[in-house]
Colleague: 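Structure below; questions to follow.
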Amino acid sequence: MSQQLDFEGIAACTACRLHKTAECGRPVFGDGPKRSEVMVIDESTRLYESRATKIRDAWLSEFFDLEDLFFANAVACSPPKGKSPTKGELKKCSVWVRHQIDVVKPKYVLLLGNAPLQSITGAAGITKRRGIPFEENGIIYLPTFHPSSTFHDDDNEAIIQRDLDVFAGIVEHGGIPREESLNNFIVRSRDDFHTMLKAMKGTVSFDIETTCLNPWQINDPKTGEFDPARVTFLGFGTASGEYSIPVDDYLPRLSRIAPARRLPVLGEWSKVELCGYPILRALRMIEDALEDCFIVTHSGKFDMLWMWVHFGLEWWTDFDTMMAHYILDENARHGLKELATRYFNAPNWDIDKDAKKGNTTVEKLALYHAHDLHYTRRLRFALGRQLKKDKQVERVFWKIIMPVFRIFMEMQYDGIVVDTTKFGEAETFLRNVVAEAEKALSKWGNIEWTSPKQLAKHLYETLKIKCPLFTDKGNPSVNESALNQIDHPCVGDLLKLRGAKQQLSFFIEGWRPKLHLMNGIAYLHPSFKLHGTVTGRPSCEDPNLYQVPRDPRIRTLVTSEPGWTFCELDLSQIELRIAAELANEPTMIDAFRKGIDIHWLTAIREIERGQGLRDLVLDTARTWKQVKSISYGDALEELLEMGPDEACEINPAWKEYRKKAKPVNFGYLYGMWWKKFKTYARDNYGVEISDEQAEASRTFYFETYNKLPAWHKRQKRFAREEGYVRSLSGRKRRLPDAMRNDNSPEAKAAERQAINSPVQSFANELNFMSAIQLRKEYGRDKVRICGTVYDAILMRVKDEYVEEVVERLLTIMSHPPMLDEFGIKLKVPILAEAKIGPWGAGISFDKWKEKRREAPKVRRIR
DNA sequence: TAGCGGAGCGCG
DNA sequence: AAAGCGCGCTCCGCTA
């Protein structure tokens, strides 16, 4: 090997504490020729003599002459044994990495694992970015897993080999190789059109290009300028080539008709031509051709929604490559370009934003479009093969993911209805609160009260209040629990101001520009992402329906249009039920079978442990049983039996105790430690408890539910050995970090995820299964599903069908038929509850039925 | 002037 | 050796 590089001044580097452990007393730099085209960046010298290095060199030597390579490390000093360098250490040391790059001047750099990736890009995420080359300052980088990751996960070997192959290809080619197997046609004439129709056989990819993301857009949300949503290209990818149809002919016309329209009026489109035919006729011809095709899309919810909104066509996709990839690797990114690069070594065909909006030539946009079509189609085969390798995962894809994907499109189409009267009232109210709070605060100083930084400075420096709490980063905290712990008259107004300002900017100012008026009714169209989380839960944005406060002032803004009734059905305590099922926990299962509220059970048992609240316990039980005396022990059992509702009626103080038990249940269930419980009790309830008390509470929890520890152990062990866990449906949650098996924070976090994921995942899947069944039995003419919220289904039901639909959905939710199809048998009963009426203010189904019977019959005659 | 991370907070 | 999980949105204040 060649000599080590000599850098001046390096002996002085004491930027981080790693220099203390540096074996030779100073940082160690890389090995290799002073100038090299190819550089390999490893983690640290700690691994130099290790097995990983031998594997690394063996693999690299298949592609390169090792003597030609320069080997550097993300950190120049060795971290302690078994430890990875920290974020801060990597950042500090990145100057030395840069320095080595400047000296060696490589053209191509291979990054082995998270550490060098973080060093170069400043951000971690090797699972997301591996296999995808990127260019920076004329240097091409390719991240891949660290060779040591193969010790625990055999699959990684093949992945690294493939990435090395890609890397070698890049070096050989002198850049990222372009793959030109496109056969791109621009379809303009009738002849072109018929050629395309003939080519549409078998597997056909479908994709559209548009001027914006929101199909209902009329004005640009940023500038407010008139900028209506327009389709610029329609296209189909076939075995014989990619066909792109520019829709530019109708663009100017659409601009003229858009101001008046709210939703596209089909009649207006008939004036527009596509390839010499009226556009709707052309689209019907395409529809006929598609009848016998297998339609493939990438994120097809988007394209199909546009087709529906703009042309009234309810098309659907047979296979979505984004969904397929999500179910195959929830940790990675699912963009088409990233997948194409990873799977097919595709060139980067991206064009800038403005060009995508149509500000470019038809040829350039068509070529871009063709790439989308080409790789979407090819991905279908690659991903289809990968799906077949795991039958359970494949079944989740076909039975749950694809059907729910379709329901999500409908949810977006139908949107949610906003009560504009209440919207105005809420705004007035909130503005008043803000004005009053600001006025009250002005006497304490003239600062921006909503700025955490200014507030902290003002409170803890100017006013010299002792800071009770610090943030994770170590800064003085001004969050709600910190404020509650300081004694100053401004606290109340401060919290009022914060709350009102937040609601105002989230739900009034945030929603207003997104409101879409149609026939005098205001709609929001939140975007639901089925691939939004790693656990299988969905996510929601623009706006996020999942974070609407329970405060009725805001929540009741969500309602239904005339003739329809808003309903919410939720799965009661579903996560705890599933945890009980998975852990086979007899105390919990027994409680659920008897209909005992588990938060209540935890609360009562905790009170029993402390032998506290004697008066309250005895009084409540005596009132309930109508007896003069009762023992403390019996009284507690009576309390259990009566449940929280009855107890609250006798003495409202009970409400607090159930409320307190809830986070404890979830916390301990998912691996919370007593220390956190201690701070939790202090911050949220102002109760100072000792370490011993906190420890005892945790111990007691696992004694009460004594089968939980074994379940935790099972999950952790499985994840450590296999690198993944499954939910009851068979869905996989991949946890490569669990395989590190080294007590690192990452490994421990992965172990906790191994416990949490299958619960969260399956709870949501149950909800999905119910939604699928509901849609199967009732069409959009009767039921409009407007959201699935983890454990609940929100819908609007045509007035005449409310009783029938709600009754049926309650039954479905307590046992979705798909459970049988999946062969899932549950010991724990599942229970659903219904609320009828505007969100957050609905009445229980029973009360609603009662009321309806009382109502005069005339009401129902229309 | 745009992008980004931290803090804080809403939901389950 | 370190200990609930999963999201999105808005604000501020800093950096490119």
Side-chain angles (χ1 to χ4, degrees), chain A residues 80 82-83 87 122-123 222 330 447-457 469-483 494-495 498-499 501-507 509-511 514 526-529 531-551 554-555 570-571 573-576 579 662-677 679-680 698 701 708 712 715-716 733 735 742-761 763-764 767 787-792 839-840:
Chain A
K83 279 213 164 185
K87 212 174 165 183
K222 273 186 192 152
E330 72 285 353
I447 61 157
E448 193 65 59
W449 293 94
T450 43
S451 158
K453 210 160 188 180
Q454 289 187 35
L455 181 59
K457 199 175 164 217
L469 205 62
F470 293 85
T471 66
D472 295 340
K473 284 258 154 192
N475 300 321
S477 170
V478 288
N479 68 17
E480 192 171 339
S481 90
L483 293 181
L494 210 42
L495 292 176
R498 237 188 224 166
K501 269 221 164 171
Q502 197 223 25
Q503 292 197 347
L504 207 52
S505 54
F506 270 55
F507 308 105
E509 275 149 18
W511 281 11
K514 298 182 203 291
S527 175
F528 293 89
K529 270 157 81 177
H531 61 284
T533 72
V534 286
T535 56
R537 273 186 176 184
S539 71
C540 179
E541 57 193 18
D542 288 325
N544 182 355
L545 190 66
Y546 296 167
Q547 62 184 156
V548 176
R550 275 189 254 127
D551 181 348
I554 303 297
R555 206 163 254 212
D570 73 307
L571 290 160
Q573 300 188 23
I574 192 62
E575 284 200 21
L576 289 172
K662 211 170 159 177
V664 174
N665 264 333
F666 285 118
Y668 286 152
L669 183 66
Y670 295 136
M672 184 173 68
W673 199 238
W674 60 264
K675 252 188 170 160
K676 178 144 187 186
F677 173 68
T679 51
Y680 184 87
R698 186 174 186 280
Y701 181 87
L708 291 180
H712 282 192
Q715 291 302 110
K716 288 177 185 181
R733 168 81 180 98
L735 297 163
D742 61 358
N743 289 326
S744 61
E746 291 89 345
K748 290 293 168 191
E751 287 180 0
R752 291 192 298 277
Q753 287 164 8
I755 295 165
N756 173 276
S757 276
V759 180
Q760 221 183 73
S761 178
N764 182 67
N767 204 40
T788 68
V789 191
Y790 313 128
D791 60 358
W839 199 21

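In the text below, chain A, chain B and the rest are named by the order of the sequence lines, each starting its count at 1.
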Colleague: What side-chain donor-acceptor pairs closer than 3.5 Å can you find for residues 448-455 of chain A, not counting sequence neighbours?
Modeller:
from	atom 1	to	atom 2	distance (Å)
A:S451	OG	A:Q454	N	3.2
A:Q454	OE1	A:E448	N	2.9

Colleague: Using the ring-ring contact (aromatic ring centres under 6.0 Å, His included) criterion, which residues pair with A:H712? Sequence neighbours excluded.
Modeller: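 Expected list: A:F702.
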Colleague: Once salt bridge (charged side-chain N to carboxylate O under 4.0 Å, His left out) is applied, what residue pairs with a partner in residues 663-675 of chain A remain, sequence neighbours excluded?
Modeller: none
Colleague: Which residues pass the ring-ring contact (aromatic ring centres under 6.0 Å, His included) test with A:Y790, sequence neighbours left out?
Modeller: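 A:Y790 satisfies ring-ring contact (aromatic ring centres under 6.0 Å, His included) with A:Y546 once adjacent residues are dropped.
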Colleague: Closer than 4.0 angstrom, basic N to acidic O: yes or no for A:R537 and A:E575?
Modeller: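 Yes, charged N to carboxylate O under 4.0 Å.
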Colleague: Rounding to an integer number of Å, can you tell me how far A:R698 CZ sits from C:dA2 C1'?
Modeller: 12 Å
Colleague: Test of understanding: with ring-ring contact (aromatic ring centres under 6.0 Å, His included), list the residues that count as partners of A:F507, not counting sequence neighbours.
Modeller: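 Partners of A:F507 by the ring-ring contact (aromatic ring centres under 6.0 Å, His included) criterion, ordered by chain and then number, come out as A:W511.
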Colleague: How does DNA chain C read in dot-bracket, base by base from 5' to 3', with Watson-Crick or G-U pairs under 3.5 Å and | used when the partner is on another strand?
Modeller: ....||||||||||||
Colleague: Which whole-number value in Å describes the distance from A:E751 CD to C:dG4 P?
Modeller: 14 Å
Colleague: With sequence neighbours excluded, what pairs up with A:Q573 under the side-chain hydrogen bond (donor to acceptor under 3.5 Å, both in side chains) test?
Modeller: A:D597
Colleague: Cation-pi check, A:R555 to A:W839: give yes when NZ or CZ is under 6.0 Å from the six-membered ring centre and within 45° of the ring axis, no otherwise.
Modeller: yes
Colleague: Please list, for nucleotides 10-12 of chain C, all pairs of protein and nucleotide N/O atoms separated by less than 3.5 Å.
Modeller:
from	atom 1	to	atom 2	distance (Å)
C:dC12	O3'	A:S451	OG	3.0

Colleague: What is the distance, to the nearest angstrom, from the CD atom on A:Q760 to the P atom on C:dC7?
Modeller: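 In whole Å, C:dC7 P and A:Q760 CD are 8 Å from each other.
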Colleague: Is it true that A:E541 and A:S527 share a donor-acceptor pair across their side chains at a distance under 3.5 Å?
Modeller: no
Colleague: List in chain and number order the residues that pass ring-ring contact (aromatic ring centres under 6.0 Å, His included) with A:F506, two or more places apart in sequence or in another chain; answer none if no residue qualifies.
Modeller: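 Partners of A:F506 by the ring-ring contact (aromatic ring centres under 6.0 Å, His included) criterion come out as none, since no residue qualifies.
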Colleague: Side chains of A:Q715 and A:P758, heavy atoms from C-beta outward: is any pair under 4.5 Å?
Modeller: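 They are in side-chain contact.
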Colleague: Near DNA chain B, under 4.0 Å by heavy atom, which residues of residues 538-548 of chain A?
Modeller: A:Y546, A:Q547, A:V548
Colleague: What residues, two or more places apart in sequence or in another chain, satisfy side-chain hydrogen bond (donor to acceptor under 3.5 Å, both in side chains) together with A:E480?
Modeller: none
Colleague: Nearest whole Å is fine: how far is C:dC9 P from A:L504 CG?
Modeller: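 It is 18 Å, rounded to the nearest whole Å.
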Colleague: Between P on C:dC5 and CG on A:N756, what's the gap in Å once rounded to a whole number?
Modeller: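 Roughly 8 Å, once rounded to whole Å.
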Colleague: Heavy atoms, side chains only, cut-off 4.5 Å: are A:R698 and A:F677 in contact?
Modeller: no
Colleague: OP1 or OP2 of C:dG6 sitting under 4.0 Å from any side-chain N/O of A:R537?
Modeller: no
Colleague: Round to the nearest Å and state the distance from A:Q753 atom CD to C:dA3 atom P.
Modeller: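 After rounding, the gap between these two atoms is 14 Å.
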Colleague: Atom NZ of A:K529 and atom C1' of C:dC9: how far apart are they, to the nearest Å?
Modeller: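 That distance rounds to 13 Å.
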Colleague: Tell me whether the OP1 or OP2 atom of C:dG4 has a side-chain N or O from A:K676 closer than 4.0 Å.
Modeller: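 A:K676 to C:dG4 OP1/OP2: side-chain N or O found under 4.0 Å.
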Colleague: Taking any atom closer than 4.0 angstrom to a non-hydrogen atom of chain A, what span of DNA chain B does the protein reach, first nucleotide to last?
Modeller: B:dG6 to B:dG12
Colleague: Nearest-Å distance, NZ (A:K675) to P (C:dG4)?
Modeller: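 About 11 Å, once rounded to whole Å.
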